[in-house]
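Here is the structure we will look at.
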Amino acid sequence: MLLNIKNLHVSIDGKEIIRGLNLGVNKGEVHAIMGPNGTGKSTLAAAITGRDGYDVTEGEIWFKGKNIIELSAEERANEGIFLSFQYPVEIPGVSMTNFLRTALNAQREYHGKPPVPAGEFLKMMEEKKNLVEIHSKLANRSVNEGFSGGEKKKNEIFQMAMLQPTLAILDETDSGLDIDALKVVAKGVNQLRSDENAFVIITHYQRLLDYIVPDFVHVLFDGKIVKTGGKNLALELEERGYEWIKEQHLA
Amino acid sequence: MEVNDNDTILEQVTQNEYKYGFYTDIESDMAPRGLSEETVRFISAKKDEPEWMLEFRLKAFRHWITMKEPEWAHIQYPKIDYQDIIYYSAPKRKKELSSLDEVDPELIDTFNKLGISLEEQKHLSGVAVDAVIDSVSVKTTFQDTLSKHGVIFCSFSEAVREYPELVKKYMGSVVPYTDNYFAALNSAVFSDGSFCFIPNGVRCPLELSTYFRINAANTGQFERTLIVAEAGSYVSYMEGCTAPMRDENQLHAAIVEIIAMDDAEVKYSTVQNWYPGNKEGKGGVYNFVTKRGLCKGKRSKISWTQVETGSAITWKYPSCVLMGDNSVGEFYSVAVTNNHQQADTGSKMIHIGKNTRSTIISKGISAGQSNNSYRGLVKILSGAVNSRNFSQCDSLLLGSKCGAHTFPYIETKNESSIVEHEATTSKISEDQLFYCNQRGIDTEKAIGLIVNGYAKEVLNKLPMEFAVEAQKLLSITLEGSVG
């Protein structure tokens with residue numbers, strides 16, 4: 001199993017948000033995590049990627065056969081976990097090219113490889129830009145600086161294409177996207193899907209799942225996964241809302 | 001036979017000096033501790049200077065003793081005992097300059113990380129190096145190439161000997177010895193420095209570079225640089241500095257004077273990474289420098305670019321006096337302070353001529369318990385019609401114990417001129433760091449990346465070889481400052 005989360009408990013400032021969550025993801029799979037606001041979806045993403053301030057009080061996160069609880073955020077990233085941010089930050093003055101080269105070389109260094117030769121890197125940039133239909137100008141600008149909401153999300157997918165993670169977590173990637181941008185993002189993700197990687201798509205709405213079809217849909221409620229199903233579960237949620245889940249769970 | 005006689009005389013003179021007890025047992029040839037007319041005479045004699053030079057020094061000294069050390073800067077340091085400083089020190093040729101054992105391993109580490117050495121500097125292609133080690137210029141390269149173009153680039157001492165008329169004409173014409181306390185001190189005791197003269201219409205074929213080092217213990221360093229760019233000429237001048245660790249504070253009071261005639265352009269770049277003191281704030285260089293350029297001619301341009309990461313205290317305001325009509329002054333600065341460093345730095349733009357323009361871009365970065373102040377004066381005189389200034393002062397704070405301060409002074413005496421001032425203060429956010437971490441970039445590298453991005457506007461103004469060094473320096477200076 002690529003990712004195996006066992007009985008995970010996560011607290012922020014002493015308040016428990018994730019309360020005994022279990023999740024298993026195999027290579028080649030796409031999992032959607034849905035649920036009402038405030039149930040811990042983004043907290044789960046932060047806990048898997050090792051963000052400071054998200055205290056794992058109990059449980060284990062296994063990735064590629066390794067318990068990664070003790071690893072730093074950058075080590076987890078270099079192990080192959082990628083997070084597409086809900087709100088990508090701006091880093092003024094740092095070009096996308098410089099940023100990605102630094103990231104890629106950090107990853108290569110972690111795996112004992114020499115830095116990527118400049119020519120090869122630029123070729124790779126060109127290739128991946130086309131893949132996610134990002135304008136070539138975007139790559140020459142500073143990281144996310146002055147990008148529109150849609151451009152920021154496309155840029156996240158572009159970075160994913162460059163860094164080639166084994167596990168990509170997309171946190172509310174569809175929020176704030178118009179339908180055209182959504183399609184571009186989905187197309188990028190679908191291009192990157194393979195038997196060697198997996199996706200965890202966190203979303204509030206079913207909309208994105210029309211374009212990125214999941215193998216599993218999980219409903220997160222009250223810090224736990226309370227229901228798991230196939231792609232049809234998402235449609236059912238869209239139709240019926242989350243109330244019946246809440247009622248079932250609280251009953 | 002005559003040669004032999006001369007040799008004998010030379011030997012006797014040298015030995016005579018030793019008889020007077022000038023530290024024969026140590027590596028450097030030093031002046032006795034303290035400052036008096038005797039010291040000034042000693043330095044002048046030591047350098048075999050003509051009478052007019054000695055007179056200049058003595059006038060400066062006599063003025064200096066009437067002056068008071070300035071206290072207006074936003075810096076704090078224990079009172080300097082000017083009688084406890086050695087004002088002249090020349091390295092002996094055959095001895096090692098200093099043993100590596102004396103140097104803080106951390107500093108050596110830094111040097112290694114930077115990959116800078118005097119040798120490497122010399123080998124940088126296309127860069128002429130006038131290496132100043134402990135006040136005496138020991139090596140000047142690329143002289144031939146330069147002299148073909150009529151460019152003079154030599155040590156100040158040599159200029160006094162070889163080009164006395166030029167030195168007499170320009171020395172003190174931009175920074176007179178009466179200018180300020182440290183300028184007066186420098187004028188009295190300056191040991192050596194560089195002289196640069198670009199004749200009419202010549203575009204200097206090389207980037208000129210002076211590589212300063214402070215080496216012997218307890219030796220103040222008093223450099224003096226004079227750059228004269230005749231009409232229509234161009235020169236890019238780079239000044240880079242390193243100093244090995246010393247326990248006691250070292251005083252450095254330099255003067256740089258630039259004169260640009262009609263249509264001349266001088267670009268002066270500095271990367272300063274002198275020893276900043278240890279983490280507890282002990283030791284480090286006091287860097288009290290007067291740098292000023294005079295845009296004397298029409299359409300002349302002087303541009304200062306500095307990356308200041310070193311020194312315990314930096315007190316420095318590279319300035320431009322825009323005298324010629326349509327002349328341009330620029331100041332681009334990145335000043336980093338970490339641990340207990342203090343910097344009070346900025347620029348002065350004095351607009352005298354018509355249609356003069358100036359730009360000030362200052363980027364302060366404070367970390368640790370340091371204090372970083374921008375202090376700048378924009379003065380537009382009544383005759384400077386249609387003049388413009390744009391100033392931008394940004395501060396970046398790393399951590400919560402450091403300080404950033406801005407002291408802008410604006411004086412405008414005519415209504416046709418426009419002065420703009422923008423200032424921002426920001427912090428590196430936790431979100432930015434996590435974003436980098438999530439892409440596999442560790443926090444130290446992330447800070448380096450973010451800081452270099454912040455300073456990019458200024459770094460872009462540096463000559464290429466300097467920009468690379470400056471980028472590394474910024475990252476290294478801030479290592480361990482967050483987290």
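Bear in mind the structure is a predicted one, so any value in this text is a computation, not a measurement. First the proteins, then the strands, lettered A, B, ... as listed; each starts at 1.
Within residues 98-111 of chain A, the residues having any heavy atom under 4.5 Å from a heavy atom of chain B are, by residue number, A:Asn98, A:Phe99, A:Thr102, A:Ala103, A:Ala106, A:Glu109. Within residues 145-175 of chain A, the residues having any heavy atom less than 4.5 Å from a heavy atom of chain B are, in residue-number order, A:Glu156, A:Gln159, A:Leu163.
Taking 4.5 Å as the limit, every side-chain heavy atom of A:Ser72 sits out of range of all side-chain heavy atoms of B:Thr443. Counting heavy atoms from C-beta outward, B:Ile441 and A:Glu74 have side chains that stay 4.5 Å or more apart. Side-chain contact between B:Tyr435 and A:Leu83: absent, with no pair of heavy atoms (C-beta onward) separated by less than 4.5 Å. With contacts defined as side-chain heavy-atom distances shorter than 4.5 Å, the pair A:Pro92/B:Gln432 qualifies.
More than 12 heavy atoms of other residues, nucleotides or ligands sit less than 6.0 Å from atom NZ of A:Lys64. Shown here is A:Asn130, whose CG atom has more than 12 heavy atoms of other residues, nucleotides or ligands within 6.0 Å. Other residues, nucleotides and ligands contribute at most 12 non-hydrogen atoms within 6.0 Å of the CZ atom of B:Arg357.
Both the backbone and the side chain of B:Glu430 come within contact range of chain A, with heavy atoms under 4.5 Å apart.
Heavy atoms only, all atoms of each residue included: A:Asn78 and B:Gly440 are closest at ND2-O, 3.2 Å. Considering all non-hydrogen atoms of both residues, A:Val94 and B:Leu449 come closest at CG2-O, 3.2 Å. Across every non-hydrogen atom of B:Arg439 and A:Ala77, the tightest pair is C-CB, 4.1 Å.
Rounding to the nearest 0.5 Å places NZ of B:Lys456 at 5.0 Å from OG of A:Ser95. Considering CG of B:Asn437 and OG1 of A:Thr49, their distance stands at 10.0 Å, rounded to 0.5 Å.
Between B:Phe434 and A:Tyr54, the ring centre distance reaches or exceeds 6.0 Å.
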